Amino acid sequence: DAEITQSPRHKITETGRQVTLACHQTWNHNNMFWYRQDLGHGLRLIHYSYGVQDTNKGEVSDGYSVSRSNTEDLPLTLESAASSQTSVYFCASSEGGVAADTQYFGPGTRLTVL
Amino acid sequence: DQQVKQNSPSLSVQEGRISILNCDYTNSMFDYFLWYKKYPAEGPTFLISISSIKDKNEDGRFTVFLNKSAKHLSLHIVPSQPGDSAVYFCAASSGGSQGNLIFGKGTKLSVKP
């Protein structure tokens, strides 16, 4: 079955370190998204991509970057981790190119920055 | 400014009764609305959606109602079951957004046995 996976599921790192969170989908979806979920804020969009080599900034993109070298993967990099980036991160994908587009989410990565 | 608002952070209902979760939006360009359910330590899962050309969509125990003039939608769960206890997110998109969703902050539903 097609799916979307994230790794690692849990990560503890130190302030200032570079961290990369992986996201892999096997639906052959064009669109991929990264969100963070924090208490009182719901889901906030970090970065998104509409296809290979395409990346765009979302609502809370500062301190994060993404790259899209193939259809299946959209890794999220924290260039220099900060305590404010402690959060749960969700990757999602959608078919794209349709008016009523539904996003499907991965299981999440819980990141703690000490 | 929040474009999608879920004003009730939590809701508690008795098993077997109806759960009604509400969502308001401000952007009149939104034309597609979705509800997601999220259990702890899992990703959000798609539950039900509705296009702006409809005012109701039903799927089993779940029904979403859309009132465009009031910019309001609601999710009805009948009958509610303990397994429905989760956080429910409302989301909206517009045709020109290429699939980007704007999410509400969520409502935590607790269904008591």
Side-chain angles (χ1 to χ4, degrees), chain A residues 2-10 21 23-25 27 29-51 54-61 87-111, chain B residues 1-10 21 23-25 27 29-54 57 59 62 64 66 73 86-108:
Chain A
E3 60 178 357
I4 181 166
T5 57
Q6 293 183 235
S7 62
R9 293 296 312 278
H10 301 271
L21 308 183
C23 175
H24 179 82
Q25 54 98 2
W27 279 302
H29 282 167
N30 290 317
N31 294 359
M32 295 185 74
F33 307 84
W34 273 104
Y35 296 88
R36 59 179 288 174
Q37 185 196 9
D38 304 286
L39 199 61
H41 289 280
L43 291 161
R44 292 184 292 174
L45 183 63
I46 305 171
H47 280 285
Y48 57 99
S49 168
Y50 292 143
D54 175 75
T55 61
N56 306 278
K57 294 182 179 181
E59 177 189 0
V60 290
S61 61
S87 186
V88 181
Y89 291 86
F90 292 101
C91 179
S93 72
S94 68
E95 183 178 351
V98 295
D101 206 22
T102 300
Q103 293 183 18
Y104 297 92
F105 284 79
T109 294
R110 180 174 293 275
L111 177 67
Chain B
D1 191 28
Q2 270 189 282
Q3 296 187 65
V4 178
K5 300 179 183 179
Q6 295 178 255
N7 292 319
S8 298
S10 63
L21 294 93
C23 179
D24 296 295
Y25 62 96
N27 189 340
M29 297 302 292
F30 287 149
D31 56 11
Y32 185 57
F33 304 88
L34 308 90
W35 284 94
Y36 284 84
K37 178 170 71 173
K38 185 185 179 304
Y39 292 120
E42 295 183 11
T45 56
F46 170 70
L47 188 58
I48 193 169
S49 63
I50 188 166
S51 166
S52 60
I53 62 174
K54 296 185 176 182
N57 188 27
D59 184 2
F62 302 92
V64 56
L66 176 62
L73 63 155
V87 175
Y88 289 79
F89 290 101
C90 171
S93 71
S94 61
S97 70
Q98 293 186 258
N100 282 26
L101 296 177
I102 306 296
F103 284 86
K105 293 185 177 182
T107 297
K108 183 176 182 179

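Proteins get letters first, then strands, A, B, ... in listed order; numbering begins at 1 in each. Keep in mind it's a predicted model, so treat the numbers as computed, not measured.
Contact of A:Leu39 with chain B is not made at all, since no heavy-atom distance falls under 4.5 Å. Using a 4.5 Å cut-off between heavy atoms, A:Gln6 does not touch chain B at all.
With a 4.5 Å cut-off on side-chain heavy atoms, A:Gln37 and B:Phe89 count as touching. Put simply, the side chain of B:Tyr36 does not reach to within 4.5 Å of the side chain of A:Leu43, judged on heavy atoms.
Under a cut-off of 6.0 angstrom, the local environment of CZ in A:Arg44 is crowded, with over 12 non-hydrogen atoms contributed by other residues, nucleotides or ligands.
Aromatic ring centres of B:Phe46 and A:Phe105: separated by at least 6.0 Å.
Every ring pair (Phe, Tyr, Trp, His ring centres under 6.0 Å) that A:Tyr89 has, sequence neighbours left out, goes to A:Tyr64. For A:Tyr48, there are no side chain to side chain donor-acceptor pair (under 3.5 Å) partners at least two apart in sequence or on another chain.
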> Where do B:Thr45 and A:Tyr104 land on the side chain to side chain donor-acceptor pair (under 3.5 Å) test, with the steps shown first?
Replying inline: CA-CA 7 Å; B:Thr45 56; A:Tyr104 297 92; over 6 Å; no
> Would A:Phe33 and B:Leu101 satisfy side-chain contact (heavy atoms from CB on, under 4.5 Å), going step by step from the backbone distance to the final call?
Replying inline: CA-CA 10 Å; A:Phe33 307 84; B:Leu101 296 177; over 6 Å; no
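In terms of non-hydrogen atom pairs under 4.5 Å with chain B, the most contact-rich of A:Arg9, A:His41, A:Gln103 is A:Gln103. No other option in B:Pro44, B:Gly43, B:Ala41 has as many heavy-atom pairs under 4.5 Å with chain A as B:Pro44.
Atom CG of A:Asp101 and atom CG of B:Asn100 lie 9.5 Å apart (nearest 0.5 Å). Interatomic distance, CZ of A:Phe90 versus CD of B:Glu42, reported as 9.5 Å (0.5 Å rounding).
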